[in-house]
Chemist: 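Below is the structure I would like to discuss, written out as structure tokens.
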Amino acid sequence: MSPRRTETGGRVDRLRTIRFSFDGASYTGHAGDTLASALLANGVTLFGRSFKYHRPRGVLTAGVEEPNALVTVLRGEVREPNIPATMVEIYDGLTAVSQNRFPSLAWDVSAVNQLGGKLLSAGFYYKTFMGPVIGPLKGTRFWMFCEHFIRRAAGLGRAGTAADTSRYERMNAFCDVLVVGSGPAGLMAAKAAADQGARVILTELEPRFGGSANWSGETIDGMPAADWAARAAGQLEGNDNVRLLPRTTVWGYYDGNTLAALERVTDHKESPARGEPRHRYWAIRARTVVLATGSFERPLVFPGNDRPGVMLAHAAERYANEYGVLPGERIALFTNNDSAYRSALALKQAGAAIVAIIDVRAELSDEMRRLATEAEAEILSGHAVIATEGGKALNGLKVQRFDMPSGALTGDARSIHADCLLISGGWSPTIHLASQAGARAEWDASRQAFLPPKPTQRWVGAGAFTGSFSTAEAIAEGRAAGLAAAGGPGTPAALPDVEAAPGEPDPAPVFEIKAKGKSFVDFQHDVTAEDVRLAHREGFVSVEHLKRYTTLGMATDQGKSSNVPGLAIMAEALGKPIPEVGTTRFRPPYTAVSIGSLAAERFGDVKPERLTPMHDWHIANGARMYSAGLWYRPMIYGLAGETVEQAYVREAKATRDSAGIVDVSTLGKIAVQGPDAAELLDRVYTNMFSTLAVGKARYGLMLREDGLAFDDGTTWRLGEQDFLMTTTTANAGKVMQHLEYFLDVIWPELKVTVTSVTDEWAGAAIGGPKARAILAACVTGSAVDNATLPFMGIVYGQISGVPVMICRLSFSGEMAFEVYSGAGYGTHVWEALIAAGKPFGLVTYGLEALGTMRIEKGHVTGAEIDGRTTARDLHLDWMLSKKKPFIGSAMMDREGLIAPDRLQLVGLVSLDNRPLNGGAHIVEELDEANPHNSIGHITACCYSPALGKHIALALVKGGKARHGTRAFVSDPLRNRFGPIEIVSNHFYDPDGSRMHG
């Protein structure tokens with residue numbers, strides 16, 4: 001028998017022994033245990049260390065709100081940090097470790113932080129590291145010195161580096177009624193709605209349906225509440241119109257009654273079954289939602305309230321009744337409300353000795369005195385706990401007489417020997433989802449809690465969620481909510497009888513006992529009551545500012561139990577009632593959500609891979625491939641022993657000296673056809689296309705409606721009503737959506753069809769001084785001389801018997817041609833072009849060389865068209881037509897978009913002959929110790945074989961006016977600083993003579 005396991009009771013399977021380890025030590029538990037209950041059963045009281053002070057911490061709660069007992073679960077090399085031990089179901093072979101300690105949980109060297117005192121109070125980062133002058137460490141230099149050590153100390157659990165091998169799934173579900181929470185209220189709501197014929201989904205974040213019925217010890221319909229709940233869940237499971245989702249947390253409430261949920265499918269299993277996902281992400285769209293999410297018990301704030309062995313009263317009751325585990329042998333309770341008396345009696349009946357019940361209220365009801373007598377507990381009414389004693393475990397506490405109206409402590413302190421202190425500071429309804437749905441919570445003075453707002457979407461509430469804390473009220477409200485959600489008549493009906501301990505739900509308005517010592521409000525982030533008052537003294541009076549200055553409620557538990565006490569302390573400091581101070585708004589997610597579940601099927605083995613028609617040829621001929629969006633494209637065609645830089649320099653140089661060929665099949669291609677095709681193009685492009693002659697192409701620029709640059713590309717006029725639009729590879733889908741939106745919604749009168757034909761065409765771009773000669777050697781059916789195929793001209797011919805369409809255009813600054821054929825003939829035409837080019841020294845080149853040549857020429861791509869730049873910023877204002885309106889023309893001349901100090905496209909030349917880095921900042925004055933005053937940043941960079949220098953494109957304030965001036969690159973993350981010259985973005989062939997020759 002484990003040290004704290006009761007001889008009988010609980011709902012664990014005592015016939016099944018499960019072996020697991022924690023911090024390298026082996027333990028046993030039973031099927032149905034959580035890691036927290038199993039460790040408590042084994043006598044473990046120390047679970048973790050706090051974030052800032054590294055104080056020893058034990059388990060505080062029994063559920064998802066746990067702030068202290070966070071662990072890392074190990075599955076092979078995969079680490080899953082920051083999981084509450086209260087939510088980890090044990091299984092054979094479970095391996096868990098504690099966090100935020102070194103070298104061990106028992107002996108943590110960072111516990112020395114507890115000696116820091118006020119130095120580590122709220123805002124210590126700003127006060128300590130941003131201002132003092134210590135020798136040469138002036139201002140932020142001291143922060144730069146300390147930052148390395150602070151970053152190493154920050155955080156709780158340590159994230160893993162091994163790849164997650166688990167599968168994840170995504171599901172969409174539709175229902176008439178979604179019931180969130182399966183306590184008595186939720187079960188009754190689901191049954192009432194299902195009986196009306198509604199399609200019902202019932203979710204429960206715990207493994208077992210029933211909520212508080214599983215541990216309340218009450219009797220419903222003449223049977224233990226847990227058995228009643230199991231029977232009700234079993235009846236629902238037999239209904240075809242009901243879906244039950246255990247281990248499922250509804251974590252987000254969005255517009256249109258769309259809710260997000262996470263189902264933990266295999267976290268409780270030693271190994272998943274074949275094809276079974278770890279997590280399943282549910283997007284649930286419900287006609288009506290029933291929120292039966294219950295409530296959280298709040299702690300009281302007093303010195304030493306964080307010591308291991310201090311626990312919420314309901315949590316201890318749950319450990320005893322549901323898991324058959326006692327949190328201590330000699331237990332004291334400290335409360336401001338009646339619910340703790342029920343907990344005292346339950347623990348007495350489970351075998352614990354209840355040494356005292358300390359109640360801040362001077363007057364108690366006869367029912368509470370009777371319960372205390374049954375628990376054989378001494379009643380200390382009108383008293384408060386002022387301190388706890390012990391090191392890594394509680395061994396005693398001190399109490400003193402307390403005057404509730406004034407908050408004053410009087411008389412001598414009295415010591416009480418106890419190894420467990422249970423606290424109860426009232427209850428806070430779990431209103432997170434209702435708050436997310438779009439309204440502000442409402443304060444209830446009698447409940448001393450925030451109650452849910454009036455609905456702004458289709459939801460109804462029931463049970464403790466609404467502030468109705470008795471099981472009888474929850475059952476009645478649950479049935480009414482289910483009927484209302486399903487649209488059924490609210491006819492009277494016999495409800496189950498409930499036998500429960502007496503008690504009133506309203507707590508005394510006492511949140512803090514002011515005495516000497518640290519009194520914690522937020523246990524995980526070590527926010528004390530004095531921190532809250534300090535924030536007030538320093539002017540942070542808004543609850544939002546209080547939250548950010550002190551980090552109250554910003555830990556992994558998101559302030560589920562600490563928010564209300566913190567707000568109450570701030571309200572007292574302000575001299576205002578709590579509702580005037582208000583509360584922060586709850587945001588999704590309600591609990592942590594795995595990134596894998598959000599990606600689900602969109603990640604890994606079902607991610608689409610788009611391959612060009614020449615893909616196999618590239619692989620067979622030594623191309624090193626990488627992904628560009630969904631496409632796989634050649635990066636380089638490396639020779640033996642070549643680095644990436646050596647390869648692209650060779651390819652780019654050879655292209656400029658003779659000729660090169662690149663696969664451009666990935667460019668977006670959209671057929672724009674119909675009587676109004678030219679009119680559509682005039683509206684979406686900034687320049688004119690209706691005047692474009694058949695058989696010619698034109699470069700075009702698109703703006704967004706807000707006047708910012710969207711995409712560029714060439715469009716070919718193949719006939720009077722037939723255009724072929726090309727877009728950048730990355731923006732092909734977005735441009736297609738753009739066109740379809742305007743045709744469907746804004747201009748439905750236009751007679752135009754747009755069709756994506758990207759996959760219908762294979763494309764090869766061949767450029768360089770000898771490109772025309774290579775085409776002349778293999779094209780039949782058309783001449784390719786300058787008269788027949790001028791710049792931006794189009795001809796049709798054949799290559800090796802395959803019909804092709806050729807347009808003379810260039811992005812490299814060389815004379816170049818794009819050759820398109822049917823996708824099925826792509827490799828055949830590609831190989832024919834390469835064969836024709838061999839005598840001329842033709843090379844294949846990849847994206848690295850392509851990028852190098854476009855940077856040398858100063859062409860823009862997605863790095864410069866980044867959603868923040870205008871046509872003028874990119875020196876493309878010559879393309880802004882003054883003869884017609886177009887998308888974005890009404891907004892492009894806004895004051896902010898024509899300001900003279902906007903970032904503009906420039907070229908940079910490295911003056912120290914060292915490589916430049918994308919994202920690095922440009923500064924006028926170099927200060928390596930304190931980088932500041934950026935005037936721009938690098939968007940693309942390379943070594944230029946044409947210039948023999950390291951160059952870059954950049955966006956710089958007032959860029960054109962700075963041509964010929966010098967500045968500095970400042971890149972502290974990569975420790976790259978050095979001089980540069982700002983020049984025109986047109987490094988190579990600025991007059992276009994090579995391209996037009």
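Numbers for residues simply follow the sequence, beginning at 1. Computed from a prediction, not measured in an experiment: that's the story for all the values here.
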Chemist: Apply side-chain contact (heavy atoms from CB on, under 4.5 Å) to the pair M311 and L40, showing each step before the final yes or no.
Modeler: CA-CA 12 Å; M311 184 184 297; L40 283 173; 4.1 Å; yes
Chemist: Indicate yes or no: at least one non-hydrogen side-chain atom of I416 is less than 4.5 angstrom from one of L421.
Modeler: no
Chemist: Write down the atom of V180, the atom of V289, and the distance for their closest heavy-atom approach.
Modeler: CG2-CG1, 4.2 Å
Chemist: How close do I513 and A384 get, counting heavy atoms only, and between which atoms?
Modeler: CD1-CB, 3.7 Å
Chemist: Against the six-membered ring of F520, is R57 placed for a cation-pi contact (under 6.0 Å from the centre, within 45° of the normal)?
Modeler: yes
Chemist: Check the side chains of E65 and S561 for a donor-acceptor pair under 3.5 angstrom, ignoring hydrogens and angles.
Modeler: no
Chemist: Indicate the atoms forming the closest heavy-atom contact of L422 with A313, along with that distance.
Modeler: CB-CA, 3.9 Å
Chemist: Under 6.0 Å between ring centres: does that hold for F402 and H383?
Modeler: no
Chemist: When rounded to the nearest 0.5 angstrom, what distance separates CD in E374 from CG in L345?
Modeler: 5.5 Å
Chemist: Go through the side-chain N and O atoms of T288 and W459 and say whether any donor and acceptor fall under 3.5 Å apart.
Modeler: no
Chemist: With a 4.0 Å cut-off on N to O distance, would you call E263 and R247 a salt bridge?
Modeler: no
Chemist: State, without any angle test, whether N337 and S424 hold a side-chain donor-acceptor pair at a distance under 3.5 Å.
Modeler: yes
Chemist: Identify the heavy atoms of A485 and V460 that sit nearest to each other, and give their distance.
Modeler: CB-CG2, 4.5 Å
Chemist: Does either side chain, that of S343 or that of E317, offer a donor lying less than 3.5 Å from an acceptor on the other one?
Modeler: yes
Chemist: Give a yes or no answer on whether the side chain of T373 reaches the backbone of R369 with a donor-acceptor pair at less than 3.5 Å.
Modeler: yes
Chemist: Which is it for R231 and D221 under the salt bridge (charged side-chain N to carboxylate O under 4.0 Å, His left out) test, yes or no, and what are the steps along the way?
Modeler: CA-CA 11 Å; R231 186 186 69 175; D221 254 3; 3.7 Å; yes
Chemist: What verdict does the side-chain contact (heavy atoms from CB on, under 4.5 Å) test give for T86 and V59, after you've listed the backbone C-alpha separation in whole Å, the side-chain angles of each residue and the deciding distance to 0.1 Å?
Modeler: CA-CA 8 Å; T86 52; V59 66; 3.8 Å; yes
Chemist: Of all the heavy-atom pairs spanning A36 and Y319, show the shortest one and how long it is.
Modeler: CB-OH, 3.6 Å
Chemist: T249 and T591: side-chain contact (heavy atoms from CB on, under 4.5 Å), yes or no, with the steps?
Modeler: CA-CA 8 Å; T249 304; T591 59; 3.5 Å; yes
Chemist: Provide the closest heavy-atom pair for R5 versus D33 in the form atom of the first, atom of the second, distance.
Modeler: NH2-OD2, 2.5 Å
Chemist: N241 side chain to R199 main-chain N or O, any donor-acceptor pair under 3.5 Å?
Modeler: no
Chemist: Can K560 be said to sit on top of F586's aromatic six-ring, NZ or CZ under 6.0 Å from centre and within 45° of the ring axis?
Modeler: no
Chemist: Out of curiosity, F523 CZ to N68 CG, how far, rounded to the nearest 0.5 Å?
Modeler: 6.5 Å
Chemist: By the side chain to side chain donor-acceptor pair (under 3.5 Å) test, which pairs, at least two apart or in different chains, include something from residues 179-194?
Modeler: S182-E204, K191-D195
Chemist: When you look at V498 and T219, which way does the side-chain contact (heavy atoms from CB on, under 4.5 Å) test go after all the steps?
Modeler: CA-CA 6 Å; V498 179; T219 299; over 6 Å; no
Chemist: Within a reach of under 6.0 Å around CZ of R440, are more than 12 heavy atoms found that belong to other residues, nucleotides or ligands?
Modeler: no
Chemist: Please set out all donor-acceptor pairs under 3.5 angstrom arising from side-chain atoms of residues 500-508, sequence neighbours excluded.
Modeler:
| residue | atom | partner | partner atom | Å |
| --- | --- | --- | --- | --- |
| D506 | OD1 | R447 | NH1 | 2.4 |

Chemist: Quick test of your reading of the model: are K454 and E442 salt-bridged, counting only N-O distances below 4.0 Å?
Modeler: yes
